[in-house]
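Working notes, structure below.
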Amino acid sequence: MSEEFTVGSKVRVVALPQYVKTADTMPMLRPPDVIKIGEEGIIVDRRPGGYWGIRFTRGTFLLESQYFESTQ
């Protein structure tokens with residue numbers, strides 16, 4: 001899981017956390033069904049604590065790298 005990602009990379013969800021955190025200024029926890037396994041998104045930024053901001057069709061969410069893989 002030491003794969004390094006870059007902003008603009010396309011990624012695919014391979015597992016879902018118990019809750020998904022929004023990438024808003026004041027992050028909120030959402031149920032994991034706002035994204036689906038296999039859904040693709042684009043990395044928009046890197047956040048502290050090992051989180052990546054990823055834009056999906058239903059919004060931008062924060063995920064750790066263990067929950068997604070590169071599609072390229």
Side-chain angles (χ1 to χ4, degrees):
M1 307 263 175
S2 63
E3 183 176 1
E4 217 20 71
F5 300 98
T6 58
V7 172
S9 298
K10 291 181 81 174
V11 294
R12 178 182 307 115
V13 177
V14 294
L16 293 174
Q18 202 168 10
Y19 292 96
V20 178
K21 196 182 286 190
T22 65
D24 301 328
T25 305
M26 186 68 98
M28 295 175 50
L29 294 177
R30 307 292 298 168
D33 63 354
V34 295
I35 56 177
K36 296 181 177 15
I37 293 178
E39 187 170 350
E40 293 186 1
I42 298 173
I43 294 179
V44 293
D45 64 0
R46 174 72 190 240
R47 301 283 177 101
Y51 287 94
W52 294 89
I54 304 173
R55 184 179 308 122
F56 295 101
T57 56
R58 295 186 67 187
T60 303
F61 301 98
L62 301 176
L63 293 175
E64 295 174 300
S65 60
Q66 67 193 27
Y67 297 110
F68 61 89
E69 67 183 7
S70 178
T71 61
Q72 300 167 343

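All residue numbers refer to positions in the sequence shown, counting from 1. Just so you know, these numbers use all the heavy atoms, side chains as well, and skip hydrogens, waters and symmetry mates.
As a member of the Ile/Leu/Val/Met/Phe/Trp/Tyr network built from side-chain separations under 4.5 Å, V7 groups with nothing else and remains a singleton.
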Inset, instruction - Step by step, work out the side chain to side chain contact (heavy atoms under 4.5 Å, CB included) result for I43 and T6. - result: CA-CA 7 Å; I43 294 179; T6 58; over 6 Å; no
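The two residues P32 and P17 have their closest heavy-atom pair at CB-O, 3.5 Å. Residues D45 and R47 come closest through the heavy atom pair OD2-NE, 2.8 Å.
If you chain together hydrophobic residues whose side chains sit under 4.5 Å apart, L63 and L29 never meet in one group. Hydrophobic clustering (ILVMFWY, side-chain heavy atoms < 4.5 Å, transitive): F61 and I37 are in one cluster.
Atom CD1 of I54 sits about 8.5 Å away from atom CG of L62, to the nearest 0.5 Å. Note that OH of Y67 is 8.0 Å distant from OH of Y51, once rounded to the nearest 0.5 Å.
Shown here are the side chain to side chain contact (heavy atoms under 4.5 Å, CB included) partners of E39, two or more places apart in sequence or in another chain: I35, K36, F56, T57. Applying the salt bridge (Lys or Arg N to Asp or Glu O under 4.0 Å) criterion to R55, with sequence neighbours excluded, gives no partner residue. R46 is linked by a side chain to side chain contact (heavy atoms under 4.5 Å, CB included) to E4, W52, counting only residues two or more places apart in sequence or in another chain. Under the rule for a side chain to side chain contact (heavy atoms under 4.5 Å, CB included), the partners of K10 that lie at least two apart in sequence or sit in another chain are E40, I42, T71, Q72.
When the shell of 6.0 Å around CZ of R58 is examined, it contains 12 or fewer heavy atoms from other residues, nucleotides or ligands.
For residues 14-33, the set of pairs meeting the salt bridge (charged side-chain N to carboxylate O under 4.0 Å, His left out) definition, not counting sequence neighbours, is empty.
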